[in-house]
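In what follows, every chain begins at residue 1, and chains take the letters A, B, ... in the order their sequences are listed.
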Protein chains: 2
Amino acid sequence: MNESRKYKTKKQVSEPTLKRLPGYLYFLEQQKEEGVLNISAPTIGKKLSCDPTQVVKDLSVTGIKGKPRVGYNTYELIHALEEFLGFNRINEAFLVGAGNLGSALMAYQEHQELGLKIIAAFDTDEVKIGKSVGGIHILDYNKLFTLSGRLNVKIGILTTPNNVAQDVAEDMVNCGVRAIWNFTSANLDLPEDVIVQTTSMSSYAAVLLRRLNDSDK
Amino acid sequence: MNESRKYKTKKQVSEPTLKRLPGYLYFLEQQKEEGVLNISAPTIGKKLSCDPTQVVKDLSVTGIKGKPRVGYNTYELIHALEEFLGFNRINEAFLVGAGNLGSALMAYQEHQELGLKIIAAFDTDEVKIGKSVGGIHILDYNKLFTLSGRLNVKIGILTTPNNVAQDVAEDMVNCGVRAIWNFTSANLDLPEDVIVQTTSMSSYAAVLLRRLNDSDK
DNA sequence: TAGATTGTTAATCGATTAACAATC
DNA sequence: TAGATTGTTAATCGATTAACAATC
């Protein structure tokens, strides 16, 4: 068994845990600003309204050890979370579909805190091509292929209309993209090894509306 | 026990199920377009890559009965899903924070398919006040209070900077908002009965980056 | 009729929560 | 020392998956 195989067997972190980690990170950064040097799981749990045991378990994925009666070192924990999540690295991404949502993501400065950096955007609309949003140039979609040969971009952000999503996703994969952040409603049919992370606004709307209607009756 | 109490005990639908329902709805609408009159759970499951048994169970929440060997009536199922999700009603919403993400949501026509209609947006930035995005007027934040008295809006969309999110959320609640769709990273501390649905971009980025890094090794 | 699919009930799986010993 | 908190192991809870009878 070679080195690369060994790493593959490292502890898999569950998706619910993974989704909670950025919340901890944000809160810890606030606390650091306020000069808090040590912080306990119960304190975090109270603020983010989740179980202290769960906080302990979640934070254990970083490998940071806390001290009983004291808690965790704030700075150490922040650093370890950023490292674990990859937020301190710069992960370059292409964006295709510079419409409303696409432009918002481009302008959304917070993305740089995520270690996710959109280095180029593509569109087929001639009105948009040549313009810039949030400092990112919008290029002719045809240039995706020539550009991806030179750059080694692994992440694609898909904010096109639904009806072209499948085709664009396939193009992305052919250009070397290994993970797609999908904001469309399309059900992408791609090779097994391509990572697809779908963020469906309608799923959230569904949960919100249903809860609201439930509480009415 | 009065009528309103009785309804509260109706079958609670789990959040994972709820989140899958809009995906079924989108696929079914595509199928209807193509003239498909009946559709089976295995067919749906294959396309959306999930277990047929799960599809059956999920769809059962609508109350629609399928026929063995035939499947479900496409039209009936679409109608029942829309009804169940509340997507065929118009649920009015306020939006506060007409920045990048806020503007994207305003322009995002798809929202009308969600039965979620933004009827007014608010901001404190004088440059934005008076302008329109996606046909929605951006009003002075101070007008939130006077306007909410006349309108009976239950849903608030929160797309402000993190540092004012708590204050704005409290204002929304004081204006009669019962459910908040929170796009900020802030940990909102609100009365128990207020429904908060947080959509955290960083949670998705975390899952995406982690999966990508896992697959590298 | 034969066989695919529904719909329900049971088994499995995984995440959350509880319990508790270790320790600072 | 006393007691709060960590960190681990066990119990619970809920969702997914499997099994299977009913049925069109």
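With rounding to whole Å, B:Gln54 atom CD is found 17 Å from D:dG14 atom P. Atoms CG (B:Asp51) and C1' (C:dC13) sit 13 Å apart, rounded to a whole Å. One can place NZ of B:Lys57 at 9 Å from P of D:dT16, the figure rounded to the nearest angstrom. Note: NZ (A:Lys19) to C1' (C:dA15) measures 14 Å, nearest angstrom. When the C1' atom of D:dT6 is taken as reference, atom CG of A:Asn38 falls 13 Å away, rounded to whole Å. At whole-Å resolution of the value, CZ in B:Arg69 and P in D:dA22 are 19 Å apart. D:dT5 atom C1' lies 17 Å from atom CD1 of A:Ile64, rounded to whole Å. Between B:Ile39 atom CD1 and C:dA4 atom P the separation is 18 Å, expressed in whole Å.
The side chain of A:Pro16 lies closest to C:dA15, out of C:dA15, D:dT16, C:dA4. Distances were taken from every side-chain heavy atom of B:Ser14 (C-beta onward) to each of D:dT6, C:dT6, D:dA15; the shortest belongs to D:dA15. Comparing atom distances between the A:Thr17 side chain and each of C:dC24, D:dT16, C:dT16 picks out C:dT16 as nearest.
Considering only heavy atoms from C-beta on, B:Thr53 stays 4.5 Å or farther from B:Lys57 through its side chain.
In this structure, B:Lys47 NZ and B:Gln31 CD are separated by 8.0 Å, a value rounded to the nearest 0.5 Å.
Both A:Val70 and A:Thr53 lie close to DNA chain C; mapped to their nearest nucleotides by heavy-atom distance, the more 5′-ward contact belongs to A:Thr53. Nearest-nucleotide assignment on DNA chain C puts the 5′-proximal partner with B:Lys65, out of A:Glu15 and B:Lys65.
At least one side-chain nitrogen or oxygen of A:Arg20 sits closer than 4.0 Å to the OP1 or OP2 atom of C:dT16. For A:Tyr72, no side-chain nitrogen or oxygen approaches OP1 or OP2 of C:dC24 to under 4.0 Å.
With a cut-off of 3.5 Å on both pairing distances, the Watson-Crick or G-U wobble partner of C:dT23 is D:dA4. Using the Watson-Crick or G-U wobble rule with both distances under 3.5 Å, C:dT9 pairs with D:dA18.
No hydrogens or angles considered: a donor-acceptor pair under 3.5 Å links the side chains of B:Glu170 and B:Gln166.
Across all strands shown, B:Pro52 has no heavy atoms under 4.0 Å from either base or sugar-phosphate atoms.
A:Tyr72 pairs in a side chain to side chain contact (heavy atoms under 4.5 Å, CB included) with only one of the listed residues (A:Val55, A:Ile64, A:Thr62), which is A:Ile64. Checking each of A:Asn187, A:Asn182, A:Thr184 against A:Thr198 for a side-chain hydrogen bond (donor to acceptor under 3.5 Å, both in side chains) leaves exactly one that passes, namely A:Asn182.
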